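As the structure is a computational prediction, the values presented were derived from the model and not from experiment. FYI, side chains are in, hydrogens and waters are out, and symmetry mates aren't considered; it's all heavy atoms of this structure. Ligands are counted one by one from 1 in listed order, and the atoms in each one are counted from 1 as well.
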Amino acid sequence: MSVAENLQRIKQKLPAHVTLVAVSKTKPVELITEAYNAGQRDFGENYIQELEDKNKRLPADIRWHAIGHLQSNKVKYIAPFVYLIHAVDSLKLLQEINKQALKNSRVINCLLQIHIAKEETKFGFDVTECEELFNSEALKQLHNIKIVGLMGMATNTENQNVIKDEFAALKKLFDKLATQYADIKTLSMGMSSDYKLAIQEGSTLIRIGSSIFGERDYSKS
Ligand SMILES: *Cc1c(COP(=O)(O)O)cnc(C)c1O
(Lines give C-alpha, C1' and ligand atoms only; values in the text may rest on other atoms or scores of the structure.)
Protein backbone atom coordinates (compact mmCIF):
# COMPACT_ATOMS: atom_id res chain seq x y z
CA MET A 1 0.00 0.00 0.00
CA SER A 2 1.14 3.55 -0.73
CA VAL A 3 1.73 6.26 1.87
CA ALA A 4 -1.44 8.05 0.71
CA GLU A 5 -3.51 4.86 1.06
CA ASN A 6 -2.10 4.18 4.52
CA LEU A 7 -2.93 7.71 5.65
CA GLN A 8 -6.42 7.40 4.24
CA ARG A 9 -7.01 4.09 5.99
CA ILE A 10 -5.91 5.44 9.38
CA LYS A 11 -7.70 8.78 9.08
CA GLN A 12 -11.01 7.20 8.08
CA LYS A 13 -11.48 5.84 11.57
CA LEU A 14 -10.13 8.75 13.60
CA PRO A 15 -12.51 10.74 15.77
CA ALA A 16 -12.51 14.45 14.83
CA HIS A 17 -10.73 15.51 18.04
CA VAL A 18 -7.67 13.30 17.38
CA THR A 19 -4.67 14.75 15.52
CA LEU A 20 -2.53 12.41 13.45
CA VAL A 21 1.19 13.12 13.51
CA ALA A 22 3.02 11.21 10.78
CA VAL A 23 6.35 10.06 12.23
CA SER A 24 8.83 10.33 9.38
CA LYS A 25 12.14 9.67 11.14
CA THR A 26 14.69 7.88 8.90
CA LYS A 27 12.34 8.29 5.92
CA PRO A 28 13.35 10.29 2.82
CA VAL A 29 11.83 13.64 1.83
CA GLU A 30 10.21 11.93 -1.18
CA LEU A 31 7.94 9.87 1.09
CA ILE A 32 7.15 12.90 3.25
CA THR A 33 6.22 14.79 0.09
CA GLU A 34 3.87 11.96 -0.83
CA ALA A 35 2.14 12.32 2.52
CA TYR A 36 2.14 16.11 2.18
CA ASN A 37 0.50 15.88 -1.22
CA ALA A 38 -2.15 13.66 0.35
CA GLY A 39 -2.95 16.53 2.74
CA GLN A 40 -0.84 15.59 5.76
CA ARG A 41 0.70 18.62 7.54
CA ASP A 42 1.80 17.32 10.97
CA PHE A 43 5.07 15.39 10.93
CA GLY A 44 7.14 14.02 13.81
CA GLU A 45 10.91 13.53 13.95
CA ASN A 46 13.28 12.28 16.65
CA TYR A 47 16.73 13.30 15.47
CA ILE A 48 17.51 16.99 15.54
CA GLN A 49 19.84 17.17 12.60
CA GLU A 50 17.39 15.24 10.45
CA LEU A 51 14.58 17.54 11.58
CA GLU A 52 16.59 20.66 10.69
CA ASP A 53 17.52 19.25 7.32
CA LYS A 54 13.97 18.23 6.42
CA ASN A 55 12.58 21.57 7.57
CA LYS A 56 14.89 23.30 5.08
CA ARG A 57 13.94 21.04 2.21
CA LEU A 58 10.17 20.75 2.68
CA PRO A 59 7.22 23.21 2.51
CA ALA A 60 7.03 25.91 5.18
CA ASP A 61 3.46 25.10 6.22
CA ILE A 62 4.46 21.74 7.71
CA ARG A 63 4.00 21.57 11.47
CA TRP A 64 7.12 19.85 12.80
CA HIS A 65 6.80 17.89 16.03
CA ALA A 66 9.98 17.02 17.93
CA ILE A 67 8.84 13.76 19.51
CA GLY A 68 12.01 12.10 20.79
CA HIS A 69 14.21 12.62 23.81
CA LEU A 70 15.72 16.10 23.46
CA GLN A 71 19.09 17.23 24.78
CA SER A 72 19.32 20.83 26.02
CA ASN A 73 22.24 21.66 23.74
CA LYS A 74 20.17 20.78 20.65
CA VAL A 75 17.19 23.04 21.38
CA LYS A 76 18.72 26.04 19.60
CA TYR A 77 18.64 24.25 16.25
CA ILE A 78 14.89 23.71 16.23
CA ALA A 79 13.70 26.73 18.24
CA PRO A 80 13.17 28.93 15.15
CA PHE A 81 10.55 26.65 13.61
CA VAL A 82 9.42 23.71 15.79
CA TYR A 83 5.64 23.53 16.27
CA LEU A 84 5.45 21.30 19.35
CA ILE A 85 8.06 19.63 21.55
CA HIS A 86 6.61 16.39 22.94
CA ALA A 87 9.16 14.89 25.28
CA VAL A 88 10.07 17.57 27.82
CA ASP A 89 11.38 15.68 30.83
CA SER A 90 13.12 18.24 33.05
CA LEU A 91 12.85 21.81 34.31
CA LYS A 92 16.34 22.41 32.94
CA LEU A 93 15.17 21.51 29.43
CA LEU A 94 12.11 23.76 29.79
CA GLN A 95 14.39 26.63 30.84
CA GLU A 96 16.58 26.11 27.80
CA ILE A 97 13.55 25.96 25.47
CA ASN A 98 12.32 29.19 27.06
CA LYS A 99 15.71 30.85 26.49
CA GLN A 100 15.88 29.83 22.84
CA ALA A 101 12.23 30.72 22.24
CA LEU A 102 12.90 34.20 23.62
CA LYS A 103 15.87 34.61 21.27
CA ASN A 104 13.54 33.78 18.39
CA SER A 105 10.72 35.99 19.73
CA ARG A 106 8.47 32.96 19.97
CA VAL A 107 6.40 31.07 22.47
CA ILE A 108 7.11 27.36 22.02
CA ASN A 109 4.43 24.82 22.83
CA CYS A 110 5.60 21.88 24.94
CA LEU A 111 4.25 18.61 26.28
CA LEU A 112 5.61 17.10 29.46
CA GLN A 113 6.62 13.49 29.05
CA ILE A 114 5.17 11.35 31.81
CA HIS A 115 6.78 8.05 32.70
CA ILE A 116 3.97 5.51 32.51
CA ALA A 117 5.77 2.36 31.32
CA LYS A 118 7.29 -0.36 33.45
CA GLU A 119 10.56 -0.11 31.55
CA GLU A 120 13.45 1.70 33.23
CA THR A 121 14.70 3.18 29.99
CA LYS A 122 11.77 5.44 29.23
CA PHE A 123 12.29 9.10 30.15
CA GLY A 124 9.82 11.38 31.85
CA PHE A 125 8.34 12.78 35.02
CA ASP A 126 6.34 10.67 37.42
CA VAL A 127 2.96 11.99 38.58
CA THR A 128 4.31 13.65 41.72
CA GLU A 129 7.20 15.34 39.91
CA CYS A 130 4.78 16.61 37.29
CA GLU A 131 2.47 18.16 39.86
CA GLU A 132 5.43 19.69 41.69
CA LEU A 133 6.60 21.28 38.46
CA PHE A 134 3.19 22.82 37.85
CA ASN A 135 3.19 24.27 41.34
CA SER A 136 6.75 25.58 41.18
CA GLU A 137 7.81 29.22 41.16
CA ALA A 138 10.46 28.41 38.54
CA LEU A 139 7.79 27.58 35.97
CA LYS A 140 6.10 30.94 36.46
CA GLN A 141 9.28 32.67 35.27
CA LEU A 142 9.12 31.04 31.87
CA HIS A 143 7.09 33.30 29.59
CA ASN A 144 8.25 31.92 26.26
CA ILE A 145 7.07 28.36 26.71
CA LYS A 146 3.53 27.11 26.99
CA ILE A 147 2.80 23.67 28.40
CA VAL A 148 -0.18 22.49 26.36
CA GLY A 149 -0.41 18.90 27.55
CA LEU A 150 1.20 15.58 28.31
CA MET A 151 2.88 12.79 26.36
CA GLY A 152 3.53 9.19 27.28
CA MET A 153 4.67 5.86 25.91
CA ALA A 154 3.22 2.59 27.13
CA THR A 155 5.27 -0.50 27.88
CA ASN A 156 6.31 -2.41 24.77
CA THR A 157 4.21 -5.52 25.46
CA GLU A 158 1.58 -7.71 23.86
CA ASN A 159 -0.49 -7.47 27.02
CA GLN A 160 -3.34 -5.09 26.17
CA ASN A 161 -4.39 -4.75 29.78
CA VAL A 162 -1.00 -3.39 30.79
CA ILE A 163 -1.06 -0.83 27.97
CA LYS A 164 -4.65 0.13 28.74
CA ASP A 165 -3.90 0.71 32.43
CA GLU A 166 -0.88 2.86 31.61
CA PHE A 167 -2.85 5.00 29.17
CA ALA A 168 -5.69 5.31 31.68
CA ALA A 169 -3.28 6.51 34.37
CA LEU A 170 -1.92 9.17 32.02
CA LYS A 171 -5.44 10.27 31.09
CA LYS A 172 -6.33 10.61 34.75
CA LEU A 173 -3.41 12.97 35.37
CA PHE A 174 -4.25 14.85 32.17
CA ASP A 175 -7.87 15.37 33.24
CA LYS A 176 -6.82 16.59 36.65
CA LEU A 177 -4.40 19.15 35.19
CA ALA A 178 -6.88 20.18 32.50
CA THR A 179 -9.39 21.24 35.15
CA GLN A 180 -6.72 23.45 36.77
CA TYR A 181 -4.93 24.87 33.72
CA ALA A 182 -6.79 26.14 30.65
CA ASP A 183 -3.82 25.56 28.29
CA ILE A 184 -3.76 21.81 28.91
CA LYS A 185 -5.56 20.38 25.88
CA THR A 186 -3.27 17.87 24.18
CA LEU A 187 -2.73 14.27 25.25
CA SER A 188 -0.10 12.68 23.01
CA MET A 189 -0.35 8.91 23.35
CA GLY A 190 -0.48 6.05 20.90
CA MET A 191 1.83 4.73 18.16
CA SER A 192 1.32 2.22 15.33
CA SER A 193 0.94 -0.75 17.65
CA ASP A 194 -1.34 0.78 20.28
CA TYR A 195 -3.10 3.86 18.88
CA LYS A 196 -6.59 2.34 18.82
CA LEU A 197 -6.35 1.57 22.50
CA ALA A 198 -4.87 5.02 23.14
CA ILE A 199 -7.84 6.70 21.45
CA GLN A 200 -10.26 4.59 23.50
CA GLU A 201 -8.44 5.80 26.60
CA GLY A 202 -8.69 9.47 25.65
CA SER A 203 -5.73 10.36 23.43
CA THR A 204 -6.04 13.58 21.39
CA LEU A 205 -2.86 13.08 19.35
CA ILE A 206 -1.36 9.90 17.94
CA ARG A 207 2.18 9.49 16.61
CA ILE A 208 2.21 6.98 13.77
CA GLY A 209 5.32 5.97 11.85
CA SER A 210 5.56 2.46 10.47
CA SER A 211 1.84 2.07 9.70
CA ILE A 212 2.16 5.02 7.32
CA PHE A 213 5.70 4.80 5.94
CA GLY A 214 6.51 1.12 6.46
CA GLU A 215 9.09 -0.41 8.78
CA ARG A 216 12.20 1.62 9.48
CA ASP A 217 15.57 0.34 8.29
CA TYR A 218 18.26 1.68 10.62
CA SER A 219 21.04 -0.24 8.88
CA LYS A 220 21.16 2.28 6.03
CA SER A 221 21.69 5.39 8.18
C1 LIG B 1 9.28 6.32 16.40
C2 LIG B 1 8.29 6.88 17.35
C3 LIG B 1 6.91 6.77 17.11
C4 LIG B 1 6.32 6.03 15.93
O5 LIG B 1 6.47 4.66 16.10
P6 LIG B 1 5.71 3.59 15.13
O7 LIG B 1 5.70 2.37 15.94
O8 LIG B 1 6.55 3.50 13.90
O9 LIG B 1 4.37 4.13 14.85
C10 LIG B 1 6.06 7.38 18.02
N11 LIG B 1 6.51 8.04 19.10
C12 LIG B 1 7.83 8.16 19.36
C13 LIG B 1 8.26 8.91 20.56
C14 LIG B 1 8.76 7.57 18.51
O15 LIG B 1 10.06 7.68 18.79
Side-chain angles (χ1 to χ4, degrees), residues 1-11 13-14 18-28 31-32 34-35 38 40-52 54 62-71 74-75 78 82-90 93 97 109-125 148-160 162-163 166-167 170-171 174 186-221:
M1 285 231 265
S2 71
V3 165
E5 284 168 335
N6 289 337
L7 275 171
Q8 178 64 20
R9 180 174 42 85
I10 295 166
K11 277 161 77 172
K13 293 181 195 138
L14 286 192
V18 178
T19 300
L20 170 61
V21 173
V23 176
S24 47
K25 64 184 180 216
T26 78
K27 299 295 178 181
L31 282 187
I32 301 177
E34 234 179 281
Q40 182 65 26
R41 291 294 179 272
D42 290 277
F43 291 90
E45 291 280 342
N46 290 52
Y47 312 107
I48 296 313
Q49 188 162 4
E50 191 178 347
L51 179 50
E52 251 195 298
K54 286 174 173 171
I62 286 180
R63 293 183 287 269
W64 289 109
H65 297 247
I67 64 170
H69 179 65
L70 181 59
Q71 288 170 298
K74 301 276 174 71
V75 174
I78 58 169
V82 71
Y83 175 72
L84 178 62
I85 298 178
H86 285 234
V88 176
D89 61 357
S90 70
L93 180 57
I97 297 168
N109 291 331
C110 297
L111 303 178
L112 297 184
Q113 181 170 6
I114 308 300
H115 182 102
I116 52 172
K118 304 275 178 292
E119 293 138 7
E120 281 296 323
T121 52
K122 303 247 160 117
F123 297 98
F125 295 97
V148 297
L150 305 177
M151 178 270 206
M153 277 194 276
T155 302
N156 186 5
T157 170
E158 297 288 312
N159 188 333
Q160 300 296 299
V162 170
I163 299 171
E166 290 172 357
F167 284 155
L170 183 55
K171 173 70 157 90
F174 174 80
T186 302
L187 181 55
S188 169
M189 63 182 195
M191 336 206 317
S192 291
S193 59
D194 56 19
Y195 76 89
K196 288 176 187 151
L197 199 48
I199 291 170
Q200 273 176 35
E201 295 304 317
S203 171
T204 73
L205 184 157
I206 55 174
R207 309 175 309 270
I208 309 286
S210 43
S211 292
I212 297 171
F213 297 108
E215 295 299 324
R216 286 175 293 275
D217 181 0
Y218 288 100
S219 66
K220 280 190 259 170
S221 55

Self-check item: Residue I208 vicinity, atoms of ligand 1 by number, heavy atom under 4.0 Å
Solution: 9 (O)
Quiz prompt | Under 4.0 Å to a heavy atom of G209 - the qualifying atoms of ligand 1, by number | solution = 4 (C), 6 (P), 8 (O), 9 (O)
Quiz item: Can you tell me the protein heavy atom closest to atom 14 (C) of ligand 1 and the distance?
Solution: K25 NZ, 3.0 Å
Quiz item: In the protein, which heavy atom is nearest to atom 11 (N) of ligand 1, and how far is it?
Solution: R207 NE, 2.8 Å
Quiz item: Heavy atoms, side chains only, cut-off 4.5 Å: are I199 and K13 in contact?
Solution: no
Quiz item: Hey, does the side chain of T204 reach the backbone of L187 with a donor-acceptor pair shorter than 3.5 angstrom?
Solution: yes
Practice problem: Could you label the plane-to-plane angle of the W64 and F43 rings as parallel, tilted or perpendicular, counting under 30° as parallel and over 60° as perpendicular? | Solution: tilted
Quiz item: Among protein heavy atoms, which lies nearest atom 9 (O) of ligand 1, and at what distance?
Solution: S192 OG, 2.5 Å
Self-check item: S24 side chain vs K27 backbone, donor-acceptor pair below 3.5 Å
Solution: no
Quiz item: So which of I67, V23, T26 gets nearest to atom 13 (C) of ligand 1, if we judge by its closest heavy atom?
Solution: I67
Practice problem: May I ask you to decide if V88's main-chain N or O and H86's side chain share a donor-acceptor pair within less than 3.5 Å? | Solution: no
Practice problem: Could you tell me whether ligand 1 has any atom less than 4.0 Å away from a heavy atom of R216? | Solution: yes
Quiz prompt | Exam field: side chain E50 to backbone K25, donor-acceptor pair closer than 3.5 Å | solution = no
Quiz item: If hydrogens are left out, which of S211, G214, S210, S24 has an atom nearest to atom 7 (O) of ligand 1, that is, the closest non-hydrogen atom?
Solution: S210
Quiz item: Taking only heavy atoms of N46, which atoms of ligand 1 are found under 4.0 Å from at least one of them?
Solution: 14 (C), 15 (O)
Quiz item: Is E166 close to K118 at the side-chain level, that is, under 4.5 Å between some pair of heavy atoms?
Solution: yes
